[in-house]
Amino acid sequence: MNFANLAAQLNAGIILPEGIVIITLLVVLVYDLIVGRESLKVTPYMAIAGLLASLVALVYQWGASDPISFLGGFNGDSMSVIFRGIIALSAVVTVLMSIRYVENSGTAMGEFLMILLTATLGGMFLSGADELVMIFVSLETLSISSYLLTGYMKLDPRSNEAALKYLLIGAASSAVFLYGMSLLYGLSGGETRLSAIASGITASGTGPSIGLVISLVFVIAGISFKISAVPFHQWTPDVYEGSPTPVVAFLSVGSKAAGFALAIRLLTTAFPIVQEEWHFVFTALAILSMVLGNVVALAQTSLKRMLAYSSIGQAGFVMIGLIANTDAGYASMIFYLLVYLFMNLGAFTCLILFTLRTGTDQISEYAGLYQKDPLLTLGLSICLLSLGGIPPLAGFFGKIYLFWAGWQAGLYGLVLLGLLTSVVSIYYYIRVVKMMVVKEPQEMSEAVRNYPEIRWNLRGMRSLQVGLILTVIATSLAGILSNPLFTLANNSVSRTSMLQASMGKTVPVATLTSPADLDASKTP
């Protein structure tokens, strides 16, 4: 095989966005080694520039005519482009919010950025991985980097405890997931590509055997750990509370998005003959996640732990789109994760600002904050109300789209439960807003009473301010001007042949330009 044929089969241009992240990682590493401690002034902006360049490359990857690369190991289809974009964008906002936080903790910024970029790289590869070995290597790249980030504050006992819990539970979930994939490999006759696995299992004529069901259960267990679904959520509250807050922000969005991308690709491609079984399992997971996540969040006194249980409930809402298994279902998942990126990272940015100024994250300490810091109060209020689904913010349209897709698919009980638990979630979100806004001056908390002077000119504070303003504006405008995001989410599904095949459609929606075309596509 000559070099030209090999290059054509590898089709390496599809992973250009990931290549840019790798180059950025190496540049940050070398610059930090050469310059030392003073690299803090430059390396975060290098990382942001590299991630933004990666996002630009993803825009040019949209609608690629030949998205398959590395001999079928990676699929750069439209769905993977969206998920890779969500992960890269969450990393950009995480870097913005981490500059002041990491410097304030006295730890090295260069190492933090390198591990964060490695986690971003793992998540981006996982979003397009189309082969078992590629899936596992990408998953472990993301997971191991996440363990390191969780324990990054080495002098903080809570950070060490969170990292140990995350490592032990994560290692167990990886082992279970790997065992499920090994069963899948054996049942398919030694295939590693997901499409070939489905064909191999079908050709064997064994049907939905007990081995395949066991493989499915183990794979779902591994995925559920990554998306914090009940009952695989035990690590979430403790890790969220003990980890550095920027790390928690990234895990809540970037890692969760990668987990859902893996769930969609692996379940729809490799497990088509047990579709009813995995729909049933995810229905149970969604019910448990929505109920436990939102009910337990009511009792939390720490804003960090409240957001941890909130993220468990949010995962339950997103699973409704996966269970629906329709165009609207998958598009609603993508739309919700897009808006969740802004509103959740915005809430964590406000949490970091308040913690840096007061040293606490207790909800009771937010009493009377509007009198001392109106910008922080406004930003946190908008993000929390959006997470609760209050119109006309982005979260309202995201939930409406998810529930509408579920209702169309006949998931009436799941949608009604989602609406009920959404009402519960509004209570604990509004409780924080009320604490900040309604309290009289004499009821102001001790932390707010001693609130320091607001100084945006300190190193790293300006980037926090930029991150806060960007996420709040995006959360507000994504609700009012949601149509472009709806269109983007719908197009990403209609252009992804894997999803169209799983729903039994032979003609992609994107190719239909008129009612006549639509009628013709239905003609046998």
Handout entry: Residue list, side chain to side chain contact (heavy atoms under 4.5 Å, CB included) with T487, at least two apart or on another chain
Key = N483, N491
Practice task
Look only at the side chain of S252 and the backbone of A249, and say whether a donor-acceptor pair between them is shorter than 3.5 Å.
Solution key: yes
Practice task
Assess whether side-chain contact (heavy atoms from CB on, under 4.5 Å) is satisfied between L345 and S90, documenting all intermediate values.
Solution key: CA-CA 8 Å; L345 291 181; S90 66; 4.0 Å; yes
Exercise for the section: Measure across M79 and A261 and return the closest heavy-atom pair with its distance rounded to 0.1 Å. Expected result: CE-O, 4.2 Å
Practice task
With sequence neighbours left out, write down each residue that passes side chain to side chain contact (heavy atoms under 4.5 Å, CB included) with L89, or none if nothing qualifies.
Solution key: L55, L341, F342
Problem - Heavy-atom side-chain proximity of T120 to L25 below 4.5 angstrom - result: no
Completion exercise
Interatomic distance, CG@L183 vs CD1@I214, rounded to 0.5 Å, equals 7.0 Å
Identify every side-chain donor-acceptor pair in residues 219-237 under 3.5 Å, counting partners at least two apart or on other chains, and give the distances.
unit_1 : atom_1 : unit_2 : atom_2 : d
S224   : OG     : I220   : O      : 2.7
K226   : NZ     : S143   : OG     : 3.1
S228   : OG     : T236   : OG1    : 3.4
Q234   : NE2    : P231   : O      : 2.9
W235   : NE1    : F225   : O      : 3.2
W235   : NE1    : F232   : O      : 3.4
T236   : OG1    : H233   : O      : 3.1

Exercise for the section: State the CD1-CG distance between I201 and L187, to the nearest 0.5 angstrom. Expected result: 6.0 Å
Fill in the blank from the handout: Sorted by chain and residue number, the side chain to side chain contact (heavy atoms under 4.5 Å, CB included) partners of A198 (sequence neighbours excluded) come out as P272
Fill in the blank from the handout: Residues F250 and I87: closest non-hydrogen pair is CE1-O, 4.2 Å
Practice task
May I ask you to decide if L468's main-chain N or O and T471's side chain share a donor-acceptor pair within less than 3.5 Å?
Solution key: yes
Problem - Sub-4.5 Å side-chain heavy-atom contact between V247 and F112 - result: yes
Problem - Under 3.5 Å donor-acceptor, S386 side chain and C383 backbone - result: no
Fill in the blank from the handout: Interatomic distance, OG@S422 vs CG@L417, rounded to 0.5 Å, equals 9.0 Å
Practice task
Please round to the nearest 0.5 Å and tell me the distance separating atom CG of L184 and atom CG of L216.
Solution key: 9.5 Å
Exercise for the section: Using modelled atom types only, decide if a donor and an acceptor are shared between the side chain of T269 and the backbone of S195 within a distance under 3.5 Å. Expected result: no
Handout entry: Contacts of type side chain to side chain contact (heavy atoms under 4.5 Å, CB included), residue S182, not counting sequence neighbours
Key = Y179
Handout entry: Close side-chain approach of D327 and Q500, heavy atoms under 4.5 Å
Key = yes
Practice task
Could you list the residues that satisfy salt bridge (charged side-chain N to carboxylate O under 4.0 Å, His left out) with E18, not counting sequence neighbours?
Solution key: R84
Fill in the blank from the handout: Residues passing the side-chain hydrogen bond (donor to acceptor under 3.5 Å, both in side chains) test with T421, sequence neighbours excluded, are none
Exercise for the section: Kindly state each residue pair satisfying salt bridge (Lys or Arg N to Asp or Glu O under 4.0 Å) with at least one member in residues 334-345, sequence neighbours excluded. Expected result: none
Exercise for the section: For the pair T326 (side chain) and G329 (backbone), establish whether a donor and an acceptor sit closer than 3.5 Å, ignoring hydrogens and angles. Expected result: yes
Practice task
Could you check if a side-chain atom of L385 sits within less than 4.5 angstrom of a side-chain atom of F396, using non-hydrogen atoms only?
Solution key: no
Completion exercise
For I382 and S476 the tightest heavy-atom approach is CG2-OG, 3.8 Å
Handout entry: Separation between OG of S173 and OH of Y166, rounded to the nearest 0.5 Å
Key = 8.5 Å
Completion exercise
All heavy atoms of M124 vs all of S54, minimum pair found to be CE-OG, 3.5 Å
Exercise for the section: Please lay out, stage by stage, how I197 and Y185 fare under the test side-chain contact (heavy atoms from CB on, under 4.5 Å). Expected result: CA-CA 7 Å; I197 286 171; Y185 172 79; over 6 Å; no
Problem - S492 side chain vs A489 backbone, donor-acceptor pair below 3.5 Å - result: yes
Handout entry: Atom of L96, atom of I48 and distance for their closest heavy-atom approach
Key = CD2-CD1, 3.7 Å
Practice task
With sequence neighbours excluded, tell me which residues meet salt bridge (charged side-chain N to carboxylate O under 4.0 Å, His left out) with D77.
Solution key: R265
Completion exercise
For N294, the side-chain hydrogen bond (donor to acceptor under 3.5 Å, both in side chains) test, sequence neighbours excluded, returns Y428
Handout entry: Any side-chain heavy-atom pair of F403 and I320 under 4.5 Å
Key = yes
Practice task
With the side chain counted from C-beta on, respond yes when T245 and F348 share a heavy-atom pair under 4.5 Å apart, and no when they do not.
Solution key: yes
Return a table of donor-acceptor pairs under 3.5 angstrom between the side chains of residues 307-317 and protein atoms on other chains or two or more places apart.
unit_1 : atom_1 : unit_2 : atom_2 : d
S310   : OG     : Y429   : OH     : 2.3
S311   : OG     : A308   : O      : 2.7
Q314   : OE1    : Y336   : OH     : 2.3
Q314   : NE2    : L387   : O      : 3.3
Q314   : NE2    : Y429   : OH     : 3.4

Exercise for the section: Drop me the distance from M114's CE to T24's OG1, to the nearest 0.5 angstrom. Expected result: 13.0 Å
Practice task
Carefully, step by step, assess K256 and L251 under the rule side-chain contact (heavy atoms from CB on, under 4.5 Å).
Solution key: CA-CA 7 Å; K256 198 180 292 288; L251 292 178; over 6 Å; no
Exercise for the section: Report yes if some heavy atom in the side chain of L58 is under 4.5 Å from a heavy atom in the side chain of W62; otherwise report no. Expected result: no
Completion exercise
Here the pair of heavy atoms bringing L116 nearest to A91 is CD2-O, 4.3 Å
Exercise for the section: Measure the shortest side-chain to side-chain distance between M290 and L414 over non-hydrogen atoms and say whether it is less than 4.5 angstrom. Expected result: yes
Practice task
Give a yes or no on whether the backbone of T94 and the side-chain of S98 come within a donor-acceptor separation of less than 3.5 Å.
Solution key: yes
Donor-acceptor pairs under 3.5 angstrom involving side-chain atoms of residues 132-140: please list them, not counting sequence neighbours.
unit_1 : atom_1 : unit_2 : atom_2 : d
S138   : OG     : M134   : O      : 2.7
E140   : OE2    : S174   : OG     : 2.8

Exercise for the section: Step through the shown structure and confirm whether more than 12 heavy atoms of other residues, nucleotides or ligands are within 6.0 Å of CZ on F486. Expected result: yes
Handout entry: side-chain contact (heavy atoms from CB on, under 4.5 Å) assessment of L411 paired with W407
Key = CA-CA 5 Å; L411 308 175; W407 194 267; over 6 Å; no
